[in-house]
Each structure stands twice: as structure tokens, then as C-alpha cells.
Amino acid sequence: MMKKTTQFMLSAVAAAMAMASVSTQAVAEDGISIGGAVRVNYSYKDYSDASKDKKGDLTFDMAAIKFNGKKGDWGLASEYRFTSSTDYIKYGYAYYDAIPDWQIQFGINKVPFGNRDFISNSWWFGIPYYLGFEDDHDVGIKAVYEKNGWHTDLAFYKNPEYGAYENKRYATDLYTGTINGTTYSNEETNQVNIRQTYTMEHEGGSTTFGGSVEVGQIYNSATGNTGDRYGFALHLNTKYQGWDIQAQAMQYEYDAADSADPNKIGVSVVSWQYEIASKGQAYTVNIAKTLPTSFGSVKIYNDFNVMTPDVADSSYDNSYQNVLGAAISYGPTYTMVDFIMGKNMTFSTAADDHVGLPMAGDGWDKRININFGYYF
């Protein structure tokens, strides 16, 4: 069952959101800077008798160390994370800045798909993350162009940061192994990403809109045959006087060769594995308001996601997730308080450890999560 690892998995997700919101150390022109974070986490699951009896659990979340450096036109960026039960790399790449308006990145870098930063505000991320399409990092080369509001990403990834048999990873990738009695032998390979956005400045803020495309192959290590996969998305992020609205619509398909069940496929993320519908759509609408305070800032947000399976098996059901929360910035600390509601959704429900498969639970489950981090 999933729930003993739920806390651990989401500890990995937490730092990404907070590190994006907390100011990071500047990179010296010719030198290296070192930063990181230490986090603890409180969770209360309304659907767990043990959690209710104990009034929740307070645990060590994670520690991270980051290196950023530059010498001339060359630079490096990396982050490594440690949890109570494992450790793993999030990203690690070199980059080259000699060409005007372009940066070339080599190594484990962020896959350009969807909204430029995140398509979520919360510690919990959104459904695209659990499908493998938000804040993913793979091994390859990426070219980034930015000028006059235009931002272009062109990338090729040979494979994920860890092998398909490994579930120790920061972001979601295809998995080789047995899940709920079904054996999968799938590996991601030869992936191409293109993302184009344009940012328009206007009175009181800015609006960024764009589209993303991802295509790649699925290698079956048991048979030697190759299948295909794709994803495409349209996305919008508009900011106005402290308000922030995000919207995204995406379509994806994993068409694996010699699949035991073409309606579903196995994936893994930080020490866990689960199944998702092999084809579907995911829709996201998020709204946030940032309020300046005397001690820092408070961001209040609501992130809503729905995934609609598009497979031959008519018993497959939609998955839903809604997160109402607040992020509090105070000096070097960043605290995220989230109220999560899930329906037929992995990690946020008691009985449905999947995305888009037939629902086993009774409906919406609820939990509270509070994550506190110190950044240096």
C-alpha cells in the first residue's frame, strides 16, 4: 500500500516550490556559491484513524545542498537532496553563455513543458507532476533563447536521470517492475521537447502565454521493441497587482510496445511506484494572491486539477485534486500550509493509488499538510 511513503514522496516535492519562491544566492561572476535548505513536515490525514488518533505526525522532511558557479562564459548548477531514507540528485548541469540571447545546458536539466515555472502554487504540486509533465528533469542538452518577451526552449533527452528499475527519483518517469500484479518493462528514451512562450507587459503586471510539445520513445526491455509517447499543452500565466492566475490544458499518451494492458502504464517517483491511465487529458486552473506584510509576504492560493482518461476501458474514472493553501515568507524561512482534497488520486486519497484508473474509494478524501523550511 502507498501510504507509508506518502509523507516521504511529498517531502521531495516541497522544496521545489519553496526554493522557487525564496530568494536564492546570487552566482558570483567568477566563483561558486553554496546554498541549501532544511525542512520539517506536519501531516494530518482525515481518512487515517492512526493519524487522527495521534493528531497528525511531525517528521524530518529533507535537506538539500545547491551549488551554483560561473567562470567566464561557462557555469554550473546542481542540487542534491537527502531524506530520512534515501538521497538523490534533482539536477546537475553545465551551461554556456557565449552566444547572445542563448544559453546551452548539458546534463540533468529541467524538461521544458508547460508553464515556465510551475503549473501549481502548492507544496503538493498538480496532477501534471504525477503524470510526468511538471518539474521533470532528464539527461540531455537544452538550448534556451530569450529576447524581447520571447522565450524558446529546444531540448533533446536521451533518458531520465536514473534507470527505469529505480524508483529513487525526484520527478515522475516510466517504471520497469511489477505494480499491483502487472509487470511493466518500459524505459523512456530519445525525447524531444519544444516550448514557445511570449510575455506581454501591461499596467499592473504581465501575461505569459505559450505552448509545449513533447515526443519520445518507449523501449520495452523484455522484448526489445519500441513504442511511442507524446504530450502537448497550452498554458497561460497572468499577473496583476499581486494576483496570479494560471491555466493549462494538456493531452498525453503513452503507447508502449507489447503492453500487458494498453489502458494503463507504470510510473515511479521518489521511492514509490503507481499506475496511470495511458492516455488522457489534464486541466489546471489556479489562482493566487500575494500580500506584502511587515515581516515578508503571504501568498494565498487555490489549485484545482482534473484528469480525464481517454482509454478503451470505460470503467476508468476521472481524477481530481484541489489544494487550498497559504505560503508564508519570513526572512530565511518559508512555510506552506495546505488543505488537500483528492478524489481517485494517488497520494491524496486512502484507497486510490493511481491516476485515472477505476475508482475504489468512496469520494473525496482530505488531509492537512504544513511544511516549514529554513533556507541558506
Side-chain angles (χ1 to χ4, degrees), residues 1-14 41-57 120 122-134 167 172 175 177-182 184 252 254 260-261 263-286 302-325 338-370:
M1 296 296 292
M2 131 179 126
K3 301 310 173 189
K4 71 176 183 179
T5 56
T6 301
Q7 179 77 33
F8 167 49
M9 179 269 170
L10 289 165
S11 73
V13 176
N41 197 79
Y42 169 82
S43 66
Y44 177 89
K45 305 171 189 176
D46 185 63
Y47 52 81
S48 167
D49 289 338
S51 180
K52 290 192 290 187
D53 290 344
K54 294 184 292 180
K55 304 299 187 295
D57 294 282
S120 55
S122 73
W123 187 78
W124 215 256
F125 275 10
I127 285 181
Y129 173 84
Y130 301 93
L131 298 172
F133 291 95
E134 181 182 8
N167 64 8
T172 305
Y175 178 68
T178 300
I179 307 174
N180 298 325
T182 301
Y184 297 95
Y252 77 92
Y254 294 100
D261 185 342
N263 296 296
K264 61 183 181 177
I265 199 164
V267 297
S268 69
V269 70
V270 190
S271 293
W272 193 243
Q273 53 279 336
Y274 54 94
E275 295 168 305
I276 64 174
S278 59
K279 183 181 181 181
Q281 301 80 35
Y283 304 98
T284 303
V285 179
N286 306 327
N302 192 86
D303 295 350
F304 176 77
N305 293 255
V306 57
M307 180 272 177
T308 57
D310 188 13
V311 297
D313 190 335
S314 61
S315 69
Y316 278 44
D317 294 311
N318 293 353
S319 290
Y320 299 89
Q321 181 174 282
N322 191 84
V323 184
L324 174 66
D338 290 328
F339 173 65
I340 303 103
M341 296 179 63
K343 182 178 180 180
N344 199 38
M345 179 63 196
T346 187
F347 292 109
S348 57
T349 58
D352 292 298
D353 184 14
H354 53 246
V355 185
L357 273 64
M359 185 168 68
D362 296 327
W364 291 89
D365 286 329
K366 299 173 286 293
R367 62 186 293 165
I368 295 170
N369 200 89
I370 302 173

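Nothing fancy with the numbering, it's 1 onward along the sequence.
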Open item on the list: Looking at every non-hydrogen atom in both residues, tell me the closest pair between Y316 and G356 and how far apart they are.
Closed with: CD2-O, 3.1 Å

TODO: Report the distance from atom CG of N369 to atom OG of S122, rounding to the nearest 0.5 Å.
DONE: 9.5 Å

TODO: Kindly indicate whether the side chain of Y129, heavy atoms from C-beta on, has any atom under 4.5 Å from the side chain of V269.
DONE: yes

Open item on the list: Checking side-chain polar atoms at under 3.5 Å, does N180 have a donor or acceptor matched by the opposite partner on H354?
Closed with: no

Open item on the list: Quick check: closest heavy atoms across L324 and N302, and the distance to 0.1 Å?
Closed with: CB-OD1, 3.6 Å

Task: Under 3.5 Å side-chain donor-acceptor pair for W272 and D353 - done: yes

Open item on the list: Could you check whether any side-chain heavy atom of T182 comes within less than 4.5 Å of a side-chain heavy atom of K264, counting everything from C-beta outward?
Closed with: yes

TODO: Check D365 against A350 and note the closest heavy-atom contact, atom names and distance.
DONE: OD2-N, 2.8 Å

Task: Spatial distance of atom CG (N263) from atom CG (D313) [nearest 0.5 Å] - done: 5.0 Å

Task: Pairwise distance OG(S348) to CD1(I340) - rounded to 0.5 angstrom - done: 8.0 Å

Task: N344 CG to D352 CG distance, which is reported to the nearest 0.5 Å - done: 4.5 Å

Task: pair N305-Y320: side-chain heavy atoms closer than 4.5 Å - done: no

TODO: Could you tell me whether the side chain of V355 reaches within less than 4.5 Å of the side chain of M345, counting heavy atoms only?
DONE: yes

Open item on the list: If you compare all heavy atoms of M359 against all heavy atoms of D317, which two are closest, and at what distance to 0.1 Å?
Closed with: N-OD2, 2.8 Å

TODO: Quick one: pull up OH in Y254 and OG in S278 and give me the separation to the nearest 0.5 Å.
DONE: 10.5 Å

Task: Note, M307 side chain near L131 side chain (heavy atom, < 4.5 Å) - done: yes

- [ ] Determine whether the side chains of R367 and Y44 contain a donor N or O and an acceptor N or O closer than 3.5 Å.
- [x] no

Task: Spatial distance of atom CD (Q273) from atom CD (E275) [nearest 0.5 Å] - done: 10.0 Å

TODO: List the atom of A351, the atom of A360, and the distance in Å for their closest heavy-atom pair.
DONE: O-CB, 3.9 Å

- [ ] Flag the pair E134 / S120 as yes when at least one side-chain heavy-atom distance between them is below 4.5 Å, and no otherwise.
- [x] yes

- [ ] Kindly indicate whether the side chain of F304, heavy atoms from C-beta on, has any atom under 4.5 Å from the side chain of Q321.
- [x] no

Open item on the list: Ignoring hydrogens, what is the shortest heavy-atom contact between S268 and Y175? Give both atom names and the distance.
Closed with: CB-CD1, 3.6 Å

Task: Test side-chain hydrogen bond (donor to acceptor under 3.5 Å, both in side chains) applied to N322 and W364, step by step - done: CA-CA 10 Å; N322 191 84; W364 291 89; over 6 Å; no

Open item on the list: Would you say that I276 contacts Y274 through its side chain, given a criterion of any heavy-atom pair below 4.5 Å between the two side chains?
Closed with: yes

